[in-house]
Amino acid sequence: MNDMTPTREQREAKLEGMGCKRKRVEDIRFTQGRGQYVDDVKLPGMLHGDFVRSPYAHARVKSINTEKALKVPGVLAVITAETLKTVNLAWMPTLAGDVQMVLADGKVLFQNQEVAFVVATDRYTADDGINAVEVEYEQLEPQIDPFTAMDPGAPVLREDLTGKNTGAHGPRKHHNHIFEWTVGDKDLTDAAFRKADVTIKEMISYHRTHPSPLETCQSLCSFDKIKGELTIYGTFQAPHVVRTVVALIAKIPEHKIHVIAPDIGGGFGNKVGVYPGYVCSAVASIVTGKPVKWVEDRIENLTSTSFARDYHMTTEIAATKEGKVTGLRVHVLADHGAFDACADPSKWPAGFMNIVTGSYDFPVAHLAVDGVYTNKAPGGVAYRCSFRVTEAAYCIERAMDILAQKLGMDPAELRLKNFIKAEQFPYQSALGWEYDSGDYHTAMKQMMEKVDYAGLRKEQAEKREAFRRGETREIMGLGVSFFTEIVGAGPSKNCDILGIAMFDSCEIRLHPTGSGVARVGTKSQGQGHETTWAQIIATEIGIPADDITVEEGNTDTAPYGLGTYGSRSTPVAGAAIAMAARKIKAKAQMIAAYKLEVHEDDLEWDIDGFRVKGLPEKVLGMKDICWIAYNAPPPGMEPGLEAVSYYDPPNMTYPFGAYLCVMDIDVDTGVYKVRRFYALDDCGTRINPMIIEGQVHGGLTEAFAIAMGQEIRYDDTGNVMSGSFMDFFIPTAVETPKWETDFTVTPSPHHPIGAKGVGESPNVGGVPCFSNAVNDAFSFLGSTHIQMPHDYWRNWQAAKALGVVG
Ligand code: PCD
Ligand SMILES: [Cu+]
């Protein structure tokens, strides 16, 4: 061996495989303004479309006159529901089994609803056309409050459903009722409450908010009449689903539809749903014979595409006087707006809300969810939480604090007392999930030690005394949260979207000189898949990550997959990538055995190639195997080195974490300061620690935004009060706290590389952590629960209500 032979460590480092803080390869183009987003795509002869929208929340549309608009120079077409009816597209199916108007058909049901689509030579002219469309409305009584939506005298919102007593998810009790969904054993739960020493009950609201990615939703459709082919560029988190749905609805054969999701400027769940803009730009292209682009502006994005949350959760816990939980009962009133356009797997009308037992060993539980229609925008997307998991985590984490307060126990101690123990995994929850793995006690104790929890509680006790003595006007809150996430939808036995099973896929093709390409069914919106997917392959087959190109988002080339949301990419596609790589490795091993003239079983894998056991000098590297695979394969073996895997996971993965927030609030102004925020995340095997840290920073920032101010608010008449970034809180670097991150590693036992998702976790755990900090600060003054968002004004109102401010 000469000195030039690289050491094992050097060979390993060269791969930049799993565990490496590899720099994000996509950032080379993003940071230089070389990303290619939908709006960067410009096709010859391209036209622009824009919407006439309703000023009213609830009104009858008496007439639409397009005559003047069509006379505006440059306006080429005005599409209304009547136009869409000719192609049977005035209404479209939603992902939740409901139907939604593409353009107002007789009625409008929320402010800013799409009424007509004006197509013109440029965006400005389209806008002039919009102003020239004359719509006559007759205002109707709006239904804004979900709590009165099922009153006997409540206005009828969905006239199209008149006489329908059952919906996509079972019986409907009222004309504004969508579904009732129940899980768990009601009788056993009621019995637990009858026997309980202590019970708590609180209505915990998770307000309506919005994912608001920097890039809004957009599409560019081009219909080629000669070929009969439709090409759609769009901001899609799930391009293949879009292609299938278009094929089913528009009756265009699937191979004649090309869906391309180029670079995406953030998704956060906003880009999962199907919006009228996509349908209208496609129809407009068919009608005009030209490519038609639709680009939403900020107000349109905030007020018409996919809100999140709006869950009102009446929560009860039963416990012994020692603080052992014995039952959980939750009723949710879910405000879905005008159409049920929730983006959940089809069989789950309230998503995975039944993860509401959280990290605790509840022997029994019962959950009931009622969905109602109101005159608000449709949606119900995840917004950085897989299918209502953040609502569930908020519910249980707030409720555990309320129980601790009633018992006079420390909230961290109460949690430690009730955690599912490490030896109980795989754990069967009372509401039907099988948690794959976890070690909650270790994570919680690590958090408490790192932040000096006992010291902080002591300081808080002293500050409270000082406040009582009138020496300070500042109160201190410690927010504890311990969450269990559920990500990786999903086993196709119970997860599908409109019947499309939720597996995912990867296709790897290695080239003769030892580099290659991996195509995956997911679609990064900023998560860094081009970086991390190559790292999995590097570790699995010993080809440096830099030598693997990762491609996603083009349905012509990528294998069929269900896309990226619900932190499913790592649990599902990540597994498919490892499995495809292993197929390649198996063929590589046959080649190596032949070349090294030994039996396959006599070979062992060594970082970047195979070696004969016991003969360290007899090696064949993966790069050489690539060449041999094409140019000199063993007799009888097909040339080439590629593999594809479609992976249907046996279970979801259950990441978890322990968070702590230290907050100081000035009672006279309501101004808060986040003094410290510590986040310990366990996402199993970590692919790229730097990307994970970035994901946690981003998710915590969004959690901070939601808990401390971000809200989509309506007045009594259904006017949106927060339709721009002037009134919708987007924290900048100035407001954002400093994040301290930490981790433990508890691999998923069923995932080929043991990885769980992480992208959503910080939002799921972060929101209750901030809210618990605010509530903890005020609790010694006698409050049990203050609703989010906790902006300065509301903190000040809380202080006033508690009588500490005049
Ligand atoms: N263990 C582990 C895990 C993970 N990872 C990494 O991290 C990331 C993430 O991942 P996940 O968790 O799996 O996830 P995904 O699927 O990929 O994604 C999704 C998510 O993601 C997050 N993040 C983010 N970022 C950015 N930048 N952008 C965006 O947009 C976003 N979004 C958000 C959301 S909202 Mo939903 O949709 O609501 O449902 S859901 C979501 C990637 O890269 C991966 O690879 C690692 O490394 N390791
Ligand atoms: Cu959610």
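This structure is a prediction, so every number in the text was calculated from the model and none was measured. Counting starts at 1 for both ligands and their atoms, in listed order. Residue numbers count from 1 along this sequence.
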For Q527, is at least one N or O under 3.5 Å away from an N or O on ligand 1? yes
Considering only heavy atoms of W533, which atoms of ligand 1 have at least one such atom less than 4.0 Å away? 45 (O)
What do the steps show when you test F352 against W433 for ring pair (Phe, Tyr, Trp, His ring centres under 6.0 Å), and what is the final call? CA-CA 9 Å; F352 302 156; W433 295 115; 5.2 Å; yes
Check whether the side chains of S205 and H312 place a donor and an acceptor atom closer than 3.5 Å, and report yes or no. yes
Would you confirm whether D297, through its side chain, and E300, through its main-chain N or O, come within 3.5 Å as a donor-acceptor pair? yes
salt_bridge(R519, E551) N-O dist < 4.0 Å: yes
Nearest neighbour of atom 23 (N) of ligand 1 from the list E215, R686, Q695, on a heavy-atom basis: Q695
Look only at interatomic distance and state if S569 has a nitrogen or oxygen under 3.5 Å from any nitrogen or oxygen of ligand 1. yes
What are the atoms of ligand 1, with element, lying closer than 4.0 Å to any heavy atom of K756? 1 (N), 2 (C), 3 (C)
N301: which of P213, S724, S306 passes side chain to side chain contact (heavy atoms under 4.5 Å, CB included): P213
Scan side-chain atoms only and decide if K756 and S437 contain a donor-acceptor pair under the 3.5 Å cut-off. yes
Whether R568 engages the ring of Y565 as a cation-pi pair (distance to the six-membered ring centre under 6.0 angstrom, angle to the ring normal within 45°) should be assessed. yes
Please check whether Y383 reaches ligand 1 - meaning an N/O of the residue sits under 3.5 Å from an N/O of the ligand, judged on distance alone. yes
Nearest non-hydrogen contact with atom 35 (S) of ligand 1 belongs to which option: E530, K523, R384? R384
One finds that the ligand 1 atoms under 4.0 Å from a non-hydrogen atom of A382 are 38 (O), 39 (O)
Do E760 side-chain atoms and G566 backbone N/O form a donor-acceptor pair below 3.5 Å? yes
Do T564 and ligand 1 have an N or O pair less than 3.5 Å apart? no
Numbering as shown, the atoms of ligand 1 that approach G566 to under 4.0 Å (heavy-atom distance): 36 (Mo), 39 (O), 40 (S)
N/O separation below 3.5 Å, G266 to ligand 1: no
Just which atoms of ligand 1 are under 4.0 Å from any heavy atom in E760? 36 (Mo), 39 (O), 40 (S)
